[in-house]
Chemist: 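Take a look at the following structure, please.
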Amino acid sequence: MTALPFNGRTAIITGGSRGIGLAIAQRLAEGGANIVLTSRKQEAADAAAQQVGGDAVGVAAHAVDEDAARHCVDLTLDRFGSIDILVNNAGTNPAYGPLIDQDHARFSKIFDVNLWAPLLWTSLTAKAWMREHGGAIVNTASIGGMHQAPNMGLYNVTKAALIHVTKQLALELSPKVRVNAIAPGVVRTKLAEALWKDHEDLVARGTALGRIGEPPDVAAAVAFLVSDESSWITGETLVLDGGRLLGDPEGFR
């Protein structure tokens with residue numbers, strides 16, 4: 001990749017105030033992109049934009065709030081003149097536990113944030129800019145969408161659906177817009193703390209590459225997927241899990 005592969009391009013990153021979203025914003029900014037990142041609270045969005053630096057802009061926008069999303073898209077076009085990259089990163093998991101113990105409120109919230117929001121933001125950016133001018137979209141899925149796991153059933157269902165939606169959108173928006181997804185494994189973020197915080201060594205030992213992921217690991221992959229280096233890739237889901245899905249490596253050593 002060239003030193004500034006995103007020079008002159010503008011990226012919107014939802015859920016960009018911390019963790020994976022913030023790392024993606026920082027990586028794309030280092031590559032020359034104009035950055036617009038969202039968080040539910042303006043203070044958090046502003047603080048993250050300051051960490052990114054440059055002309056980064058923070059916008060208060062709950063991922064499922066259509067008026068806030070539309071405002072963010074309009075603001076981005078007014079400020080920078082294009083929307084070349086969209087990273088649908090906002091996610092939640094209020095539904096930890098067995099599927100049969102969930103209620104409709106938690107079901108609705110997790111599907112709204114993890115599935116409807118990426119559709120909403122993709123629709124708005126496509127109609128406002130990308131469908132005519134082109135662009136690249138990345139959805140943050142999870143390896144959970146590819147297997148079953150205790151207590152993560154509803155979250156994993158949303159991510160499995162997002163993987164399918166990614167393929168559907170890749171066809172619907174072709175050839176101008178490329179749509180791909182990433183499927184991270186266990187990454188050092190606040191959202192995933194329950195999966196690693198009190199047993200990181202155990203998780204690391206069960207991972208082929210011997211460690212959990214870090215947000216910059218994911219950001220590097222997203223940078224590739226939205227760059228010209230991946231210009232013939234669409235509808236794919238890139239697994240970023242250190243080999244976790246391969247199984248326990250202990251018996252091979």
Side-chain angles (χ1 to χ4, degrees), residues 1 13 15 18-24 26-28 87-93 95-99 110 113-115 118 136-170 178-227 229-253:
M1 293 173 64
I13 300 105
R18 66 187 186 193
I20 289 172
L22 179 57
I24 292 169
Q26 291 170 323
R27 179 63 180 259
L28 298 185
V87 182
N88 287 308
N89 179 70
T92 190
N93 185 18
Y96 189 79
L99 282 175
I110 198 169
V113 175
N114 292 358
L115 193 61
I137 298 171
V138 173
N139 297 320
T140 300
S142 167
I143 62 169
M146 301 174 173
H147 70 104
Q148 292 72 46
N151 300 313
M152 297 291 291
L154 208 50
Y155 177 84
N156 290 351
V157 167
T158 66
K159 295 304 185 177
L162 185 57
I163 290 169
H164 186 87
V165 162
T166 297
K167 294 178 181 294
Q168 182 77 22
L169 288 172
R178 296 188 301 109
V179 186
N180 292 291
I182 52 169
V186 180
V187 180
R188 195 186 307 278
T189 65
K190 185 174 180 59
L191 181 64
E193 275 186 346
L195 302 178
W196 62 267
K197 189 171 184 180
D198 296 325
H199 45 269
E200 182 176 339
D201 289 345
L202 180 63
V203 176
R205 286 198 303 272
T207 303
L209 295 185
R211 66 176 177 87
I212 68 171
E214 304 290 346
D217 294 325
V218 182
V222 172
F224 167 69
L225 286 174
V226 300
S227 76
E229 298 295 313
S230 63
S231 63
W232 211 44
I233 300 174
T234 195
E236 294 300 319
T237 298
L238 180 57
V239 174
L240 312 164
D241 70 344
R244 183 77 179 175
L245 282 182
L246 296 174
D248 192 336
E250 287 300 315
F252 294 85
R253 292 171 180 162

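Being a predicted model, the structure only gives us computed values, none of them experimental.
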Chemist: Mind running side chain to side chain contact (heavy atoms under 4.5 Å, CB included) on Ile182 and Val138 for me, showing each step along the way?
Modeler: CA-CA 7 Å; Ile182 52 169; Val138 173; 4.1 Å; yes

Chemist: Could you give the distance from OG1 (Thr92) to CD1 (Ile110), rounded to the nearest 0.5 Å?
Modeler: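 The CD1 atom of Ile110 is 6.5 Å from OG1 of Thr92, to the nearest 0.5 Å.
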
Chemist: Report the residues that fulfil salt bridge (Lys or Arg N to Asp or Glu O under 4.0 Å) with Glu214, sequence neighbours left out, ordered by chain and then residue number.
Modeler: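 Partners of Glu214 under the salt bridge (Lys or Arg N to Asp or Glu O under 4.0 Å) test: Arg188.
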
Chemist: Between Ser230 and Val226, what is the shortest heavy-atom contact and its length?
Modeler: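 That would be OG-N, 4.1 Å.
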
Chemist: Looking only at non-hydrogen atoms, find the nearest pair between Thr189 and Gly19 and report the distance.
Modeler: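 Closest approach of Thr189 to Gly19: CG2-CA, 4.3 Å.
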
Chemist: Does Thr234 have any side-chain hydrogen bond (donor to acceptor under 3.5 Å, both in side chains) partners at least two apart in sequence or in another chain, and if so, which?
Modeler: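 Listed in chain order: nothing, the list is empty.
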
Chemist: Any idea which heavy atoms bring Ala23 and Ala219 closest together, and the distance?
Modeler: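 Heavy atoms only, the tightest pair is O-CB, 3.4 Å.
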
Chemist: Hey, could you give me the CG/CZ distance between Leu238 and Phe224, rounded to the nearest 0.5 Å?
Modeler: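 It comes to 8.0 Å.
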
Chemist: How close do Ala223 and Leu28 get, heavy atom to heavy atom, and via which atoms?
Modeler: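 Distance-wise, the nearest heavy atoms are CA-CD2, 4.0 Å.
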
Chemist: Which pair of non-hydrogen atoms, one from Thr237 and one from Ala183, has the smallest distance, and what is that distance?
Modeler: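 Answer, listing the atom of Thr237 first, then Ala183: CG2-CB, 3.7 Å.
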
Chemist: What's the separation between atom CD in Glu236 and atom CG in Leu225, rounded to the nearest 0.5 Å?
Modeler: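 Glu236 CD to Leu225 CG: 9.5 Å, rounded to 0.5 Å.
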
Chemist: In chain order, what residues pass the side-chain hydrogen bond (donor to acceptor under 3.5 Å, both in side chains) check against Gln148, with sequence neighbours excluded?
Modeler: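 With neighbours one apart ignored, the set is empty.
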
Chemist: When rounded to the nearest 0.5 angstrom, what distance separates NE2 in His199 from CZ in Arg205?
Modeler: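 These two atoms lie 11.0 Å from each other.
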
Chemist: Is Pro98 close to Asn151 at the side-chain level, that is, under 4.5 Å between some pair of heavy atoms?
Modeler: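 The answer is yes, as the side chains (C-beta and beyond) meet within the 4.5 Å cut-off.
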
Chemist: Can you give me every donor-acceptor pair (side chain of residues 157-169, partner residue at least two apart or in another chain, under 3.5 Å) with its distance?
Modeler:
unit_1, atom_1, unit_2, atom_2, d
Thr158, OG1, Asn114, ND2, 3.2
Thr158, OG1, Tyr155, O, 2.6
Lys159, NZ, Thr140, O, 2.9
Thr166, OG1, Asn139, ND2, 3.0
Thr166, OG1, Leu162, O, 2.8
Lys167, NZ, Gly235, O, 3.3
Gln168, NE2, Glu172, OE2, 3.0

Chemist: Determine, stepwise, if the pair Asn180 / Arg178 fulfils side chain to side chain contact (heavy atoms under 4.5 Å, CB included).
Modeler: CA-CA 7 Å; Asn180 292 291; Arg178 296 188 301 109; 3.5 Å; yes

Chemist: Kindly write out the residues that satisfy salt bridge (Lys or Arg N to Asp or Glu O under 4.0 Å) with Arg211, not counting sequence neighbours, or none if the list is empty.
Modeler: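 Checked Arg211 against salt bridge (Lys or Arg N to Asp or Glu O under 4.0 Å); matches are Asp217.
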
Chemist: For a quick test of reading the model, state the closest non-hydrogen atom pair linking Gly21 to Ile13 and the distance between them.
Modeler: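 Closest heavy-atom pair between Gly21 and Ile13: O-CG2, 3.8 Å.
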
Chemist: Does any N or O in the side chain of Arg27 come within less than 3.5 Å of the main-chain N or O of Pro216, such that one atom is a donor and the other an acceptor?
Modeler: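 A pair under 3.5 Å: no.
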
Chemist: Using side chain to side chain contact (heavy atoms under 4.5 Å, CB included), reason through Thr207 and Ile212 one step at a time and then give a plain yes or no.
Modeler: CA-CA 8 Å; Thr207 303; Ile212 68 171; 5.8 Å; no

Chemist: Run the side chain to side chain contact (heavy atoms under 4.5 Å, CB included) test against Arg18 and tell me which residues pass, sequence neighbours left out.
Modeler: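 With sequence neighbours excluded, Arg18 shows a side chain to side chain contact (heavy atoms under 4.5 Å, CB included) to Lys190, given in chain and number order.
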
